[in-house]
There are 2 protein chains.
Amino acid sequence: MLISTKGRYALRVLVDMAEHSGQGYITLRDIAGRQDISEKYLESIVKELVRHELVTGLRGKGGGYRLSKAPEDIGVGDVLRFMEGGLAPVACLEEGHKVCPRASVCRTLTFWRGLDEAIRQYTDGYTIADLMRTEDGNDYII
Amino acid sequence: MLISTKGRYALRVLVDMAEHSGQGYITLRDIAGRQDISEKYLESIVKELVRHELVTGLRGKGGGYRLSKAPEDIGVGDVLRFMEGGLAPVACLEEGHKVCPRASVCRTLTFWRGLDEAIRQYTDGYTIADLMRTEDGNDYII
DNA sequence: CCTATTTCCCAGTATAATAGTATGTTGATA
DNA sequence: TATCAACATACTATTATACTGGGAAATAGG
């Protein structure tokens with residue numbers, strides 16, 4: 001599946017924060033309400049975003065979270081790699097994976113490398129600012 | 001991870017069969033030996049390939065498997081979709097997934113559609129024949 | 001100082017998928 | 001008819017996912 005709820009939710013949270021910046025710190029309760037995601041589960045996601053310095057938290061009354069950078073400086077590829085722990089399409093291309101002893105005779109390795117690169121190129125071509133610009137009303141019929 | 005061992009092994013099996021065609025039917029034992037994959041596990045993978053009419057099996061002495069089509073007529077994208085049950089990068093784009101009620105306001109849907117398309121374009125651009133042409137000796141040092 | 005608020009921290013849990021293994025049955029060939 | 005190899009069914013260990021729960025620490029307003 002490549003992308004789990006962690007990565008999907010993280011992007012939605014970041015876009016939500018970007019759209020509601022200017023209102024100071026934004027609480028998880030507000031985001032959870034708007035995005036229809038469990039507040040408790042969001043905690044674990046935002047924790048990662050804090051750890052990678054994409055958002056900043058403030059405790060107490062009037063506290064919440066806000067983006068640490070401008071939306072155009074937050075790359076979607078980076079967010080997804082942080083949340084998913086890498087975006088490699090196959091195990092043997094994961095960082096830290098032991099080098100496959102078959103690599104020198106592997107007929108498929110070049111193909112996987114290309115797929116990895118295609119995913120990287122695409123995801124690195126987007127920032128949170130780009131996601132914000134996505135028009136309402138996709139062509140889904142609901 | 002997008003691609004599990006099922007998809008990875010399936011491609012290796014198909015390339016192996018393509019490279020050893022002309023020798024009639026090829027046994028799972030031979031493929032398992034060459035590819036260093038458990039023969040028993042390969043059974044479950046080849047079963048899927050038979051079901052989708054990519055390979056043909058013959059029982060008994062002198063039996064085994066062989067490709068049902070020419071290598072250049074077997075698309076890598078199709079193989080992976082068969083084995084993985086789809087290649088969608090996110091759950092909401094999977095076939096048969098219930099339409100997301102947030103689709104019309106979703107800031108990320110367009111992005112996911114594009115990623116899905118990029119993966120489709122790339123994987124559909126390869127056939128088993130292309131994988132065979134991949135030169136020995138990738139630039140890995142082993 | 002007190003209290004409400006909100007992040008922060010740690011721990012547990014149900015479900016499902018992955019990557020197999022084990023034990024047989026059926027059918028083709030020599 | 002013996003052998004070989006595909007075909008079929010069922011089971012299992014491990015891991016990841018997607019959460020839930022209980023509390024501790026910090027901040028602001030009264």
Side-chain angles (χ1 to χ4, degrees), chain A residues 1-10 12-13 17 23-33 35-68 80 83-86 88-92 94 97, chain B residues 1-10 12-13 17 23-33 35-68 80 83-86 88-92 94 97:
Chain A
M1 180 61 43
L2 192 66
I3 310 293
S4 67
T5 52
K6 274 181 204 165
R8 288 205 332 270
Y9 289 178
R12 283 168 58 185
V13 164
M17 283 184 192
Q23 300 169 27
Y25 285 90
I26 306 155
T27 67
L28 271 195
R29 176 162 329 146
D30 285 354
I31 300 174
Q35 297 296 325
D36 208 27
I37 300 172
S38 142
E39 191 180 336
K40 221 75 188 87
Y41 188 42
L42 272 192
E43 270 187 17
S44 62
I45 285 158
V46 174
K47 187 183 172 181
E48 282 293 289
L49 298 177
V50 170
R51 198 165 72 81
H52 287 95
E53 300 179 329
L54 297 179
V55 309
T56 309
L58 181 70
R59 300 198 229 195
K61 216 168 194 170
Y65 294 95
R66 69 175 177 196
L67 298 183
S68 305
L80 295 178
M83 297 306 296
E84 305 291 336
V90 289
C92 54
E94 274 178 330
H97 193 269
Chain B
M1 179 61 45
L2 192 64
I3 310 292
S4 68
T5 53
K6 274 181 204 166
R8 290 207 329 272
Y9 289 178
R12 283 168 57 185
V13 164
M17 282 184 193
Q23 300 168 29
Y25 284 90
I26 306 157
T27 68
L28 272 193
R29 177 163 326 147
D30 284 354
I31 299 173
Q35 297 296 326
D36 210 26
I37 301 173
S38 142
E39 190 182 335
K40 225 73 190 85
Y41 189 42
L42 272 192
E43 271 187 14
S44 63
I45 285 158
V46 174
K47 185 183 172 179
E48 282 294 290
L49 298 177
V50 170
R51 197 163 74 81
H52 287 95
E53 300 180 327
L54 297 179
V55 309
T56 308
L58 180 71
R59 301 199 227 195
K61 215 165 194 173
Y65 294 94
R66 69 175 176 196
L67 298 183
S68 305
L80 295 178
M83 297 306 297
E84 303 292 336
V90 289
C92 54
E94 274 178 334
H97 194 270

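The figures here come from the full heavy-atom set of this structure, side chains too, leaving out hydrogens, waters and symmetry mates. Within every chain, numbering begins at 1; the chains are lettered A, B, ... in the order of the sequence lines, protein sequences first and strands thereafter.
Among the atoms of the strands shown, none is found under 4.0 Å from any heavy atom of B:Gly62. Looking at heavy-atom distances under 4.0 Å, A:Tyr25 makes no contact with the nucleic acid at all. B:Lys47 comes within contact range of at least one nucleobase, with a heavy-atom separation under 4.0 Å.
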Run the side-chain donor-acceptor check on residues 58-68 of chain A: report pairs under 3.5 Å with partners two or more places apart or on a different chain.
unit_1	atom_1	unit_2	atom_2	d
A:Arg66	NH2	A:Tyr25	OH	3.4
A:Ser68	OG	A:Leu54	O	3.4
A:Ser68	OG	A:Val55	N	3.3
A:Ser68	OG	A:Val55	O	3.4
A:Ser68	OG	A:Thr56	N	3.4
A:Ser68	OG	A:Thr56	OG1	2.7

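Comparing B:Glu84 and B:Lys40 by the nucleotide of DNA chain C that holds the closest heavy atom to each, the one mapping nearer the 5' end is B:Glu84.
For A:Glu94 (side chain) and A:Gly86 (main-chain N/O), no donor-acceptor pair under 3.5 Å exists by modelled atom type.
Bracketed by its first and final contacts, the part of DNA chain D lying under 4.0 Å from non-hydrogen atoms of chain A reaches from D:dA18 to D:dA28 in 5' to 3' order. Protein chain A contacts DNA chain C from C:dT5 to C:dC9, reading 5' to 3' and using non-hydrogen atoms of the protein with a distance under 4.0 Å.
Rounding to the nearest 0.5 angstrom, the gap separating the CG atom in B:Asp36 from the CZ atom in B:Arg12 is 7.5 Å. Rounding to the nearest 0.5 angstrom, the gap separating the CD1 atom in A:Ile45 from the CD1 atom in A:Ile37 is 6.5 Å. Distance CG/B:Leu80 to CG/B:Leu2: 8.0 Å, rounded to 0.5 Å. Note that CZ of B:Arg8 and CD of B:Glu84 are 9.5 Å apart. Values are rounded to the nearest 0.5 Å.
When all heavy atoms of B:Lys6 and B:Met83 are compared, the closest pair comes out as O-CE, 3.8 Å. Between A:Ala32 and A:Ser38, the shortest heavy-atom distance links the atoms CB-C, 4.4 Å.
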